[in-house]
Amino acid sequence: MQLKLLNFHKMLANFSTSLVGGFVPLMIYKVTNNIVHAFIYLIGLYALNMIFNLIFQRFIVKYPQIFLLFRSVSILGLSLSILLIDVHWIWGAVLVATFYALDNCFRSNSTEIILNYSTSDSGGKGLGITRLFEQLGTIVSLILGGLFLDYLDLYILIIIAISIYLISCVPLLIYYIKSRKQKGFNTESTSNAQIFIERTDRTKKGKKVANSLIMQYGFVYFLIAFLDNLTNIFNLFMYVKYGQFALAGYFSATYNLTYAIASYLNEKVSQKFDMSVFACICCFINGAAAIALPFANYTALYFTLIGIIGFCYPFFSIFILERLLSKSRILGISNRAIFMRDNASVMGKFYGLLFGLTGMFIPMFIAIGAALATCAPSIYENEESTRRYLINYLEGE
């Protein structure tokens, strides 16, 4: 029940934040007619995101549901700040980046911590269904958001966004009231972690294993995060060419739709087959497709490539997350692993966007392709090395 309530909240919350927030870089470019300004906004957003992660990490671990409720404040601030972009774009961009970074910090870490212990009994299964619900809200909001920005008043869009998020808090409150007295509520999700607490002779080596696991997965997530920049980069690329918010919404919706379908399929297939090799192949395909995107020149081909990228992404992203959670639970560091994942991802997005300061798109698409080409073999190598390291530790070698 708690996972269903969380999924429903995430679907509505994603609808709310994507309705306007997903189009901010395009708004900045529209006002300034300078693509570099749009990328400076995105770089500042992720720099602030890293700072907020460091400030709030210890509190989010203890009170994730409370911070999800606090998102209503950040979403209200984000929505109102967007109105300033047309009046004074610099202050508007600074305030939007601040509130959006705060929202990202509260959302990502809080929901993943709750999801961590909510799926611990299933061995990490259920992540695919959760990703499906996340994307459903995003798909609808991107289509409607693009149409509204082209044809309706921005004030109407902001009122809708805030209202939807307040509605999304209802299942979150129900979840909190029903679950707060349950055993394991808001605690570290562990699996056999007690052996390491009781065997003090392994404490030093246990820390070494834990740090190694964190570093290796952190490197993988850093590389994958370059791909997370794709929708922003591609939407800007297409807006510069065609000047339509709706078209950007259609492309983003296509990406999220194929992502949602693949998330559901992955949930079914991964229970029957070893997905490690297939995950590497999907990662490499996405790298090649990202490099091909700026050279497509046909609308149908753009949609095809974006659809392929969205479809392949869950097969390696969910695979890595499931393995990370299962291994970090054994060591009793699953919450630490979740924060590592988010910090490495934010850092990867930050560095990937620095190429945008050149004012050219092609180097950014190539950087995404190069990062994924490096990541593809690293996925398999990382899984094997961390597995061997963990087995040796368990056996006392």
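The first residue of the sequence shown is numbered 1, and numbering continues consecutively from there.
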Practice problem: Check the angle between the aromatic planes of H88 and W91 and answer parallel, tilted or perpendicular using the 30° and 60° thresholds. | Solution: tilted

Practice problem: Give the C-alpha distance, both sets of side-chain angles, the deciding distance and a yes or no for side chain to side chain donor-acceptor pair (under 3.5 Å) between D228 and Y313. | Solution: CA-CA 10 Å; D228 293 331; Y313 197 2; 2.5 Å; yes

Quiz item: So do I309 and L227 actually touch side chain to side chain, heavy atoms under 4.5 Å?
Solution: yes

Quiz item: Does the side chain of L102 come within less than 4.5 Å of F106's, by heavy atoms?
Solution: yes

Quiz item: Atom CD in Q216, atom CG in N211: separation rounded to 0.5 Å?
Solution: 11.5 Å

Quiz item: Is Y259 reachable from I285 through a run of I, L, V, M, F, W or Y residues, each pair having side-chain heavy atoms under 4.5 Å apart?
Solution: no

Quiz prompt | Heavy-atom side-chain proximity of F311 to L265 below 4.5 angstrom | solution = yes

Quiz item: Just wondering, do Q57 and N335 contact through their side chains at under 4.5 Å, heavy atoms?
Solution: no

Quiz item: When you look at OH of Y302, are more than 12 heavy atoms from neighbouring residues, nucleotides or ligands closer to it than 6.0 Å?
Solution: yes

Quiz item: With a 4.5 Å heavy-atom cut-off, do L321 and Y221 have their side chains touching?
Solution: yes

Quiz item: Do D342 and K349 sit within salt-bridge range, that is, some charged N less than 4.0 Å from a carboxylate O?
Solution: no

Solution key, residues 353-374 side-chain donor-acceptor pairs under 3.5 Å, sequence neighbours excluded:
residue : atom : partner : partner atom : Å
T358    : OG1  : F355    : O            : 2.7
T358    : OG1  : M360    : N            : 3.3
T374    : OG1  : A370    : O            : 2.9

Quiz item: Is there a chain of hydrophobic side chains (I, L, V, M, F, W, Y, each step under 4.5 Å between heavy atoms) that links Y380 to I224?
Solution: no

Self-check item: Distance in Å, R336 CZ paired with I214 CD1, rounded so as to fall on 0.5 Å steps
Solution: 5.0 Å

Quiz prompt | Residue from N53, V346, N49 passing side-chain contact (heavy atoms from CB on, under 4.5 Å) with N104 | solution = N49

Quiz item: Just wondering, do I338 and L325 contact through their side chains at under 4.5 Å, heavy atoms?
Solution: yes

Self-check item: Among Y239, Y242, F234, F237, the one residue meeting ring pair (Phe, Tyr, Trp, His ring centres under 6.0 Å) with F251
Solution: F234

Exercise. Test ring pair (Phe, Tyr, Trp, His ring centres under 6.0 Å) on F67 and F59 and set out the steps.
Key: CA-CA 9 Å; F67 277 90; F59 304 106; 7.1 Å; no

Practice problem: Look up atom OG in S276 and atom CD1 in I320, then write down how far apart they are to the nearest 0.5 Å. | Solution: 11.5 Å

Self-check item: Heavy atoms from other residues, nucleotides or ligands near NZ of K241 exceed 12 (cutoff 6.0 Å)
Solution: yes

Quiz item: Can V87 be reached from V94 by stepping across I, L, V, M, F, W or Y side chains whose heavy atoms are under 4.5 Å apart?
Solution: no

Self-check item: Heavy atoms from other residues, nucleotides or ligands near CZ of F295 exceed 12 (cutoff 6.0 Å)
Solution: yes

Quiz prompt | Flag if over 12 foreign heavy atoms under 6.0 Å of CD, E381 | solution = no

Quiz item: Are I306 and I308 linked, directly or through other ILVMFWY residues, by side chains that come within less than 4.5 angstrom of each other?
Solution: no

Self-check item: Beyond-backbone contact of L42 with I233, side-chain heavy atoms, under 4.5 angstrom
Solution: no

Self-check item: ILVMFWY network linking I318 to V277, side-chain heavy atoms under 4.5 angstrom
Solution: no

Practice problem: Answer whether the closest heavy-atom distance between the side chains of E383 and K327 falls below 4.5 Å. | Solution: yes

